[in-house]
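Notes follow the structure.
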Amino acid sequence: IISENGKGAQRVGLSGFDKEDYLQQYIYDNPDAIPVYEIDEDIRLLVLAREFGTSSGPIDALGVDQNGNIYLIETKLFKNPDKRTVVAQVLDYGASLWSSSIDFADFTMQLEKHVQKEFKTTVEGKLTEFFGLDESEIDVLMTNIQTNLNGGTFKFVVLMDSLHRHLKDLIIFMNRNSQFDIYA
């Protein structure tokens, strides 16, 4: 049921996405739709780039939170036959980003191009606006992002319209038996 300002409530039917591109654009435009707040209620996620290039291919979406955690987001529709390989795909992107982007200046330059194109501002400007940070807090945030990039410390997000049971079991297994943070 949806309403505007508590009025005009309407029941809406279940809907989905016809194409992965539509899902990618939706989360880019509406990063709060990714429920990271269910993991930590104080976390806000800002998606800074779509199709962020790595030597293994483009990451569907790349985001950060106010603590400097880097989120690599891979979208798949349930009807996609590759849905069971999505964990390997997003881990491959993380390995590629870590091994090829140790130079933080190159990473931020690529990020600047995405942010400038989409938001018409700088990375630091968008982070300041979105998270409401001052100059010293932005410096700390950028340092944390650099530390996480250099250390290959990423949050992996698999975003699907419906989660396959075997994929859910794989993600739970990996989270319990590794140092990865994979969310679905």
### Task
State the CZ-CZ distance between Phe180 and Phe154, to the nearest 0.5 angstrom.
10.5 Å
### Message
Give me the atom names and distance for the closest heavy-atom approach of Val90 to Phe156.
### Response
O-CE2, 3.4 Å
### Message
Taking the side chain as everything from C-beta on, heavy atoms only, tell me whether Ile73 gets closer than 4.5 Å to Val47.
### Response
yes
### Query
Linking I/L/V/M/F/W/Y whenever any side-chain heavy atoms sit under 4.5 Å apart, do Phe104 and Met109 land together?
no
### Query
Is it true that a side-chain atom of Ser96 and a backbone atom of Thr54 form a donor plus acceptor pair closer than 3.5 Å?
no
### Query
Taking side chain as C-beta onward, heavy atoms only, is Glu124 less than 4.5 Å from Met142?
yes
### Query
Got Asp65 and Leu46 here, is their nearest side-chain heavy-atom distance under 4.5 Å?
no
### Task
Indicate if Ile172 and Val158 have the same hydrophobic cluster label, given that clusters are the connected sets of ILVMFWY residues with side-chain heavy-atom separations under 4.5 angstrom.
no
### Message
Do Val157 and Leu72 have side chains that approach each other closer than 4.5 Å (heavy atoms only, starting at C-beta)?
### Response
no
### Message
Let me confirm one number: the NZ-NZ distance from Lys117 to Lys113, rounded to the nearest 0.5 Å.
### Response
12.0 Å
### Message
Ignoring hydrogens, what is the shortest heavy-atom contact between His114 and Ala49? Give both atom names and the distance.
### Response
CG-CB, 3.5 Å
### Task
Could you tell me whether the side chain of Arg44 and the main chain of Phe130 form a donor-acceptor pair under 3.5 Å?
yes
#### Entry: Gap between atom NE2 of His166 and atom CD1 of Ile171 - 0.5 Å precision
13.5 Å
### Student check: side-chain heavy atoms of Leu62 and Tyr71 closer than 4.5 Å
no
### Query
So, the side chain of Asp92 versus the backbone of Ala88: is there a donor-acceptor pair under 3.5 Å, distance only?
no
### Task
Would you give the length of the straight line joining atom CD of Gln110 to atom CG of Leu97, rounded to the nearest 0.5 angstrom?
8.0 Å
### Query
Shared ILVMFWY cluster between Leu133 and Val140, side chains joined below 4.5 angstrom?
no
#### Entry: Heavy-atom closest contact (Asn150 atom, Trp98 atom, distance)
O-NE1, 2.8 Å
### Message
If I take atom CZ from residue Phe131 and atom NZ from residue Lys126, how far apart are they, to the nearest 0.5 angstrom?
### Response
10.0 Å
### Message
Quick check: closest heavy atoms across Phe119 and Leu48, and the distance to 0.1 Å?
### Response
CE1-O, 4.2 Å
### Task
Compare all side-chain heavy atoms of Leu91 with those of Met174 and state whether any distance is below 4.5 angstrom.
yes
### Task
Please answer whether the main-chain N or O of Val123 pairs with a side-chain N or O of Glu112 as donor and acceptor at a distance below 3.5 Å.
yes
### Task
Check for a donor-acceptor pair, side chain of Asn144 on one end and backbone N or O of Asn67 on the other, with a separation under 3.5 Å.
yes
### Query
Taking the side chain from Asn148 and the backbone from Ile70, do they hold a donor-acceptor pair closer than 3.5 Å?
no
### Summary
All heavy atoms of Gln66 vs all of Ile43, minimum pair found to be NE2-CA, 3.7 Å
### Message
Please check this pair: side chain of Asn69 against backbone of Val64, looking for a donor-acceptor N/O pair closer than 3.5 Å.
### Response
no
### Query
Can you check side chain to side chain contact (heavy atoms under 4.5 Å, CB included) on Phe107 and Ile145, steps first, answer last?
CA-CA 10 Å; Phe107 173 77; Ile145 292 171; 4.0 Å; yes
### Query
Does some side-chain heavy atom of Thr153 sit less than 4.5 Å from a side-chain heavy atom of Gln179?
no
### Query
Between the side chain of Glu137 and the main-chain N/O of Asp134, is any donor-acceptor distance below 3.5 Å?
yes
### Task
Please lay out, stage by stage, how Glu51 and Asp60 fare under the test side chain to side chain contact (heavy atoms under 4.5 Å, CB included).
CA-CA 5 Å; Glu51 301 295 323; Asp60 286 345; 3.8 Å; yes
### Message
Is there a side-chain contact between Leu111 and Phe52 in this structure, where contact means two heavy atoms from C-beta onward sitting under 4.5 Å apart?
### Response
yes
